[in-house]
Structure formats: C-alpha cells, structure tokens
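Below: the structure, in structure tokens.
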2 protein chains.
Amino acid sequence: MDQTARKVLIADDEPDIREFLQYNLSAEGYEVYTAKDGDETLDKAKRIQPDLIVLDVMMPKKSGVEVCQLLRSQSAFKDTIILMLTALNDDGSHIKGLENGADDYIGKPISPKVLVTRINALFRRLSKPKAGLLTMDSISIDPEKFVVRVEDKEVSLAKKEFELLYLLAHRPGRVFLRNEILNQVWGNEVIVGDRTIDVHIRKIRQKLGIDCITTVKGVGYKFER
Amino acid sequence: MDQTARKVLIADDEPDIREFLQYNLSAEGYEVYTAKDGDETLDKAKRIQPDLIVLDVMMPKKSGVEVCQLLRSQSAFKDTIILMLTALNDDGSHIKGLENGADDYIGKPISPKVLVTRINALFRRLSKPKAGLLTMDSISIDPEKFVVRVEDKEVSLAKKEFELLYLLAHRPGRVFLRNEILNQVWGNEVIVGDRTIDVHIRKIRQKLGIDCITTVKGVGYKFER
DNA sequence: CCCAGAGTTAATAATAACTTAATATTTAGT
DNA sequence: ACTAAATATTAAGTTATTATTAACTCTGGG
C-alpha cells in the first residue's frame, strides 16, 4: 500500500453504508477503516490516527456529535478532518455538527460523486503539508521517525516537546509568540497556563544539551543556530 | 491550512448564525474561529489574534459593544478589524458601534454575498501590510526575528527598545512627538514619565553603535540615514 | 495493581526589562 | 555669555517575565 495514502475512518452503524463508503473511497486510493458505533470510533481513531473521519450523526453508544466533541477536545485530533454524515439534512443537525468542530457535512442519501468530490476538496483545503526532515548543522529533527539527533547522539523527546521544538525549528530565527505556540501546539480550544510552555522549553533545552532556543522576554521564543 | 490565511473570529450567541458565517467564510478561504459570548470572545481573541472579528451586538456575558471597547483599549487589538452585527439596523445602534471603535457594521438578516463582499472590502481597505523587514543601508530591522542588524552584526534589543526603534524607522525622517511615541509604544492608558523615552533612546543609540536617531529639541525624535 | 513517563500546575527563585530620580550637559533665545 | 528649558547620562530602585523545582494527575503497559 502507498506509504503516503491518506487514512480515512468511516463511522456508521449501518453495514451497507459502511460498505458503500469503503468501496468508493478505497477506489479513490484512500486507506479505509471502519467503526460501527461511537466508542469503537474513538478507539480506532486513537490507534489509527486517520487523516479524515466520516462520522454518522446517529450511532449507538455515542452519537457522532459526541464523538466529534470528544475528538476535538484532544490535541491529537486538532488537525483531523471531520466530515459529518446525517440523514437529517435540516439545518438543525447541520448546524450542530459544524458548531462542534466538524469541517463539513453531507446529508444522506449520498451520491458517490458528491462524496468523493467533497472529501478530495477537504483534503485540498485543510490538510497540512506533511512535515519534513529538518537539518541544521549538528542538529536534525525528523518528524516521521520522531527523533532528534544532536551531534550524532539520538535524543528522544516527548510528543509535546517534539511538536514545540519542531514548530520553532522549522523557521529558525523567527520569534514565536506564546499565543502562537499555544495555538499551534495545543490548539485553540485547550487551555493551559503560560508556565506550561516554559517547562517544556526547559525540558527541551535540558535534553538537547545545547542551547538553541532563545528567550525573547515579553515576546516569545525562537530557535537559533 | 494556508499559512497566510486571514484569521476571522465570529462572536454570536445564536448557533445558526455562527454556523452560517463559519460556512460562508471558510468557503472564502478564511481561517474561522467562533465564540458564543462576550467573555469567550475576549479569551479567544487574545489567544488567536484574529485579523478580523465579527461581533454580534446582543450577546450574553458581555455585549458586542462592551467587547469592542475592551478590545480597542488594548494595544494588541488596535489594528484588528471589527465588524459589528446587529439585528437592530436602526441608526442608534449603528452609531453606537462605530463610535466604540468598530470599523463597519452589518444588519441582520445577512446575505452571504453582502457579508463576504463587505469583509473582503474591509481587508482591502484596512489591513496593514504585515509588519515587514525594514532595510536602510547598513541597518535592517526584522520584526519577525526581533533582531536588528547593523553592518552585519546582529544586535538584540529589548521589547520596548525594539518597538520604539521600529516606530521611528518605519518612517525615516519623520519627527515623532513624545506624545505620539508614548501612545504608540506604551499605549494611551499607561502613564510614564518623559525621561523614560530618553533612557530607551539612549540604550538604542548605545546598542546600535551608530547614530541614527536625531533629537529635535522641544518636539521629539526622528530616525535618519 | 503498580509503575513509568507525559503533561500540567503552583510556588518560589532568578533575571532581565523597565522606570525613576538625581545630576550633568546641551541647546535656543535673549 | 547668561539663563531657562530640554535632553543626556547614570545608577539605583521596581516590576514583570521567565526559570526552576517539585508535586500532582492521568494514562497505558507490564
């Protein structure tokens, strides 16, 4: 299977809808997974880390809306594209979906053409470009393998630490405001105190051993050298 | 998501209006965030630093007018475009909005076309070109990296020093009154003595090494060369 | 169940930024 | 050249921001 294939998770309690979606999306080259209720969706989403989730509003265990809210409250899913599926294509549920963080919705019945077009459009519009390997002299950061190498020694960072370092390092010299950092790394729904950033910065400095993050007091942090 | 997408924050207590705006503005390529009451608006505005805020007049917690006033009293939002939304399209609330620092207003009900046209127009009319790199011969000022380079040597200034230098340098030759400087750099609520400016000027001159700030006695300062 | 690691918070310490006040120097007007 | 007013300079005092540490929660794996 293509290494860069987009992963799509389909969540619907009706087997024939799952099959229909799976068929059409596989044909488009997506890597498709399915779930049949809210809880299973959450489990699989966590394991698979899909790029897009097709979420039926009406599902057993947890409704699509609930699942959507739960996913959006976790920073791991802040960039996951969520497409709601609803039989009720009245404004009410449409609204409810988008309000809770969905990126788009489609009303049943679904035409294969509309579905595929919409999903492709979502990817075009929303997906972040895949992060690439960063290399500065004596330090390299690989987001694929999740590894940082400093002077030929491998350093393992925790996820938040890594994301923070990557954010700063992908634009060396540029100052990132604390707000920007919170938005990019934690997402704008999550609320954490300012000291949290400091603590992560400290751990990064500590683990890397070399001083490559500069504090700009009253402003933010930047990566240098 | 486009890295340079304009950020728009929508503040309205009615879910269907939020959704309506979100849908239409997302489709235009804006990066859209929402808030459902006054307090949430202030929180998110601070966090997200949107380029434009669509502000409903009638909201719980704090009204749009209050939010507008509060935002405008903070220097971080002096360039944020504010568009008021009101069901009462009588002159009274229109005036009240503009009086309190809003840049435009739209009366409900809203047509998507009008909305998008108006917002695009506001951006065209009001948005400042991104604070950019200033380059004069032998000196360059980079607000993104928060660094000044003088004859290929990097000089790091503290926040107030930098803001002051940037203010003067972005209009070389133009004299800035002490009052203007206080307003722009310190904001109009903060009260500091006149000597404070002198001290910062001195530090800048000292750090840069070259004399590029001229005193205009009895008037103010200007950047030259 | 317990442990280990990640993530967060809160309290305190440390430090840099900022402001002020006191004194010296410069400038412009007479 | 004298004077008054404005600015320059310096050092010291204050405040704001960040660094550091340790404790606490939460989660998943053994």
Side-chain angles (χ1 to χ4, degrees), chain A residues 42-49 70 73-78 146 148 155-168 175-182 184-187 189-209 211-222, chain B residues 46 74-76 146 148 155-168 175-179 181-182 184-187 189-209 211-222:
Chain A
L42 290 170
D43 283 352
K44 290 206 172 175
K46 215 165 182 176
R47 255 208 315 282
I48 295 160
Q49 292 289 327
L70 286 166
S73 71
Q74 296 171 248
S75 66
F77 298 104
K78 76 178 154 60
F146 217 77
V148 179
V155 178
S156 85
L157 297 183
K159 188 163 157 238
K160 280 261 148 55
E161 291 159 15
F162 190 91
E163 288 173 356
L164 177 44
L165 176 63
Y166 190 83
L167 174 68
L168 297 182
V175 178
F176 287 82
L177 312 182
R178 298 183 99 90
N179 279 334
E180 289 182 289
I181 294 173
L182 287 177
Q184 299 293 318
V185 178
W186 276 266
E189 304 294 332
V190 185
I191 297 169
V192 291
D194 265 8
R195 293 303 111 240
T196 302
I197 296 179
D198 305 29
V199 173
H200 284 275
I201 292 279
R202 174 174 152 65
K203 282 195 190 141
I204 294 170
R205 285 173 169 158
Q206 201 170 259
K207 284 185 178 179
L208 295 196
D211 187 23
C212 57
I213 296 178
T214 308
T215 304
V216 182
K217 206 162 175 166
V219 185
Y221 294 94
K222 64 180 169 180
Chain B
K46 200 165 168 191
Q74 296 171 248
S75 64
F146 223 83
V148 179
V155 179
S156 83
L157 299 182
K159 189 173 151 193
K160 283 257 152 57
E161 292 159 16
F162 191 92
E163 288 173 355
L164 177 43
L165 175 62
Y166 192 84
L167 174 68
L168 298 182
V175 181
F176 286 84
L177 312 182
R178 298 182 97 91
N179 276 334
I181 294 173
L182 286 178
Q184 297 293 317
V185 178
W186 276 265
E189 289 115 272
V190 186
I191 298 169
V192 291
D194 265 8
R195 292 307 108 237
T196 302
I197 296 179
D198 305 28
V199 173
H200 279 93
I201 292 279
R202 173 175 153 64
K203 281 197 190 139
I204 294 169
R205 285 172 168 159
Q206 196 172 257
K207 284 187 178 177
L208 295 197
D211 187 24
C212 55
I213 295 177
T214 308
T215 304
V216 182
K217 197 176 161 102
V219 186
Y221 295 94
K222 65 179 170 179

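On a predicted model such as this, the values are computed, not experimentally measured, just so you know. The sequence lines fix the lettering, A, B, ..., with proteins before strands; numbering per chain opens at 1.
- Going from atom CD1 of I204(A) over to atom P of dA6(C) covers 13 Å, rounded to whole Å.
- To the nearest 0.5 Å, atoms CG (L177(B)) and CD (Q184(B)) are separated by 11.0 Å.
- Note that the OH atom of Y221(B) and the CZ atom of R205(B) stand 6.0 Å from one another [nearest 0.5 Å].
- Here the rule is side-chain contact (heavy atoms from CB on, under 4.5 Å) with K222(A), and of V216(A), L168(A), T215(A) only V216(A) fits it.
- Atoms CG (L182(B)) and P (dC18(C)) sit 14 Å apart, rounded to a whole Å.
- Phosphate proximity of dC18(C) to T196(B): absent, as no side-chain N or O sits under 4.0 Å from OP1 or OP2.
- Between W186(A) and dT8(C), a side-chain N or O to OP1/OP2 separation shorter than 4.0 Å is present.
- Shown are V199(A), D198(A), I197(A); of these, the side-chain contact (heavy atoms from CB on, under 4.5 Å) with I201(A) is made only by I197(A).
- Rounded to an integer number of Å, the gap from CD1 of I181(B) to P of dT19(C) is 13 Å.
- The interatomic distance linking I201(A) (CD1) with dT8(C) (C1') rounds to 15 Å, in whole Å.
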Filtered N/O pairs between nucleotides 14-17 of chain D and protein, under 3.5 Å:
from: dT17(D); atom 1: O3'; to: G218(A); atom 2: N; distance (Å): 3.3
from: dT17(D); atom 1: O2; to: K217(A); atom 2: NZ; distance (Å): 3.3

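- Checking the phosphate oxygens (OP1, OP2) of dA8(D), a side-chain nitrogen or oxygen of Y221(B) falls inside 4.0 Å.
- The interatomic distance linking N179(B) (CG) with dA6(D) (P) rounds to 13 Å, in whole Å.
- Rounding to the nearest 0.5 Å gives a distance of 14.0 Å between CZ of R202(B) and CZ of R195(B).
- In this structure, the NE2 atom of H200(A) is 15 Å from the P atom of dT20(D), given to the nearest Å.
- Contact annotation for T215(A): backbone-only contact, meaning every heavy-atom pair under 4.0 Å involves sugar-phosphate atoms and none involves a base.
- Look at NZ on K203(A): it is 12 Å from C1' on dT20(D), rounded to the nearest Å.
- Note on F162(B): nothing from the nucleic acid sits closer than 4.0 angstrom, heavy atoms only.
- Here OG1 of T196(A) is found 12.0 Å from CD1 of I191(A). Values are rounded to the nearest 0.5 Å.
- What separates CG of D194(B) from P of dC18(C) is a distance of 18 Å, to the nearest Å.
- Ring-plane geometry between F162(B) and F146(B) is classed as parallel, the angle between the planes falling under 30 degrees on a 0 to 90 degree scale with a further cut at 60.
- Phosphate proximity of dA8(D) to R202(B): absent, as no side-chain N or O sits under 4.0 Å from OP1 or OP2.
- Taking every side-chain heavy atom of V199(B) into account, dT20(C) is the closest of dT9(C), dT20(C), dA8(D).
- Nearest-nucleotide assignment on DNA chain C puts the 5′-proximal partner with K207(B), out of I197(B) and K207(B).
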Please enumerate all protein N or O atoms sitting under 3.5 Å from an N or O of nucleotides 25-30 of chain D, with distances to 0.1 Å.
from: dG28(D); atom 1: OP1; to: K46(A); atom 2: NZ; distance (Å): 3.0

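- Ranking dT8(C), dA8(D), dT19(C) by closeness to the D198(B) side chain, first place goes to dA8(D).
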